[in-house]
Amino acid sequence: MAAKVIDGKAFAATVREKVASHVTRLKEENGITPGLAVVLVGEDPASQVYVRSKGKQTVEVGMNSYEHKLDASTSEADLLALIDKLNNDPAVHGILVQLPLPSHLNSDLVINSIDPAKDVDGFHISNVGLLGTGQKAMVPCTPLGCLMMLRDYHGSLSGMNAVVIGRSNIVGKPMANLLLGDSCTVTIAHSRTKDLAAVVRQADIVVAAVGRPEMVHGDWIKEGATVIDVGINRVDAGEGKTRLVGDVHYESASAVAGAITPVPGGVGPMTIACLLANTLTACCRANGLAEPEGLTA
Ligand code: GUN
């Protein structure tokens with residue numbers, strides 16, 4: 001039987017609606033408007049598209065958006081001074097420094113200069129440590145979006161075998177920690193894993209975040225498994241055209257899986273929705289208010 005398609009675009013819209021209604025209440029009952037500051041250094045075209053989209057969606061859910069566009073030659077001292085200013089600005093509840101940064105800037109140093117309470121990317125070493133030890137953290141947006149979709153589809157994930165393919169700090173490692181937090185038995189596999197197909201065949205949940213187009217084939221998937229495809233790869237479609245594919249070979253995998261996220265329209269739209277959710281969460285925590293239900297890990 002063909003897999004159920006998990007519609008990330010529709011799910012992201014419901015997340016944004018929840019965020020927007022909570023923001024309305026915060027404004028009316030507490031006189032607080034959550035604010036997100038996004039810092040872009042340089043003119044990377046893909047980053048410009050992302051930042052524009054983040055700003056637009058931030059405003060659409062009723063939050064304040066503060067965009068800081070800096071020249072590609074900005075010094076580390078000037079960037080750190082801006083972050084210090086944002087750290088101390090009570091109207092700013094979330095700070096995101098768009099990556100990648102130009103090569104003369106030390107990304108780790110820059111990310112770790114953000115106030116962890118405002119680190120809506122969840123990249124600060126304090127948040128990584130809090131998540132790794134099962135404490136309340138700011139959680140990276142893409143794995144948070146994957147977790148929300150899995151919880152929505154399955155209810156409880158307790159006792160399930162989860163295989164995460166990919167060991168990045170942005171997706172693979174935090175995803176594994178989140179699944180552990182929901183009592184899955186978790187394996188982190190990657191491009192060097194021996195007999196990766198056999199490892200993936202054990203999984204009730206597969207999260208593919210390895211960055212290799214259509215690497216995971218249907219014959220790797222256990223019958224009825226849930227497949228979350230984080231990959232976004234642009235490949236040649238012939239006649240001078242390109243198309244987007246995931247890390248999973250959709251056609252063969254969807255014939256075996258119980259449920260699957262498509263690319264595009266799966267995990268992708270959830271990332272910015274979770275950034276908005278994280279900004280709201282950071283705002284609530286900063287003001288000692290109850291956190292939004294269903295929007296945190
Ligand atoms: N560049 C691409 N994706 C991301 C993201 O999620 N956060 C940041 N800060 N930069 C990115």
Side-chain angles (χ1 to χ4, degrees), residues 8 12 15-16 35-58 65-70 72 74 76 79-80 82-83 86-87 92-103 105-128 131 137-149 166-175 177-178 207 209-211 228-234 244 246-247 263-264 266-282 295 297:
V15 170
R16 287 195 301 273
L36 172 64
V38 174
V39 180
L40 173 64
V41 186
E43 270 118 44
D44 177 67
S47 292
Q48 285 179 325
V49 172
Y50 279 131
V51 166
R52 212 173 304 131
S53 190
K54 283 167 189 167
K56 183 167 168 277
Q57 293 189 36
T58 302
S65 169
Y66 308 102
E67 277 182 25
H68 296 267
K69 293 187 176 164
L70 307 182
T74 298
E76 203 159 82
L79 178 55
L80 293 177
L82 171 61
I83 292 172
L86 298 172
N87 282 343
V92 172
H93 303 96
I95 302 170
L96 180 145
V97 177
Q98 184 69 23
L99 301 175
L101 286 170
S103 58
L105 299 170
N106 179 339
S107 301
D108 287 338
L109 180 76
V110 169
I111 295 301
N112 289 324
S113 72
I114 297 171
D115 177 348
K118 298 189 178 189
D119 168 37
V120 282
D121 261 328
F123 294 166
H124 190 288
I125 193 74
S126 293
N127 282 314
V128 175
L131 177 61
M138 294 307 302
V139 173
C141 303
T142 300
L144 178 59
C146 296
L147 182 75
M148 282 184 190
M149 290 193 286
R167 51 180 156 173
S168 72
N169 292 333
I170 293 178
V171 183
K173 288 178 200 163
M175 187 76 246
N177 272 321
L178 287 171
V207 180
V210 71
I228 305 292
D229 190 351
V230 181
I232 301 177
N233 309 287
R234 193 165 281 287
L244 286 182
D247 292 350
V263 177
V267 174
M270 287 296 288
T271 298
I272 296 182
C274 287
L275 173 68
L276 305 175
N278 275 350
T279 304
L280 173 61
T281 299
L295 296 176

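Atoms considered below: every heavy atom in the structure, side chains included; atoms not considered: hydrogens, waters and symmetry mates. Just follow the structure's listing: the first ligand is 1, and inside any ligand the first atom is 1.
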Quick check: do [X] and [Y] have side-chain heavy atoms less than 4.5 Å from each other?
X	Y	result
Leu276	Thr58	yes
Cys274	Pro143	no
Val230	Asp247	no
Val97	Ile114	yes

**Asked** Distance from Leu36 atom CG to Leu280 atom CG, nearest 0.5 Å?
**Response** 11.5 Å

**Prompt:** Which atoms of ligand 1 have any heavy atom of Leu96 under 4.0 Å away?
**Reply:** 9 (N)

**For Val97, the ligand 1 atoms whose distance to one of its heavy atoms is below 4.0 Å** = 8 (C), 9 (N)

**Message:** Counting only heavy atoms closer than 4.0 Å, does ligand 1 sit against the backbone of Ile170, its side chain, both, or neither?
**Reply:** neither

**Asked** For ligand 1, is any non-hydrogen atom under 4.0 Å from Leu99's backbone (N, CA, C, O), its side chain (CB onward), both, or neither?
**Response** both

**Prompt:** What's the shortest distance from atom 5 (C) of ligand 1 to any protein heavy atom, and which residue and atom give it?
**Reply:** Asp121 OD1, 3.9 Å

**Prompt:** Any idea which protein heavy atom is nearest atom 4 (C) of ligand 1, and the distance to it?
**Reply:** Gln98 NE2, 4.3 Å

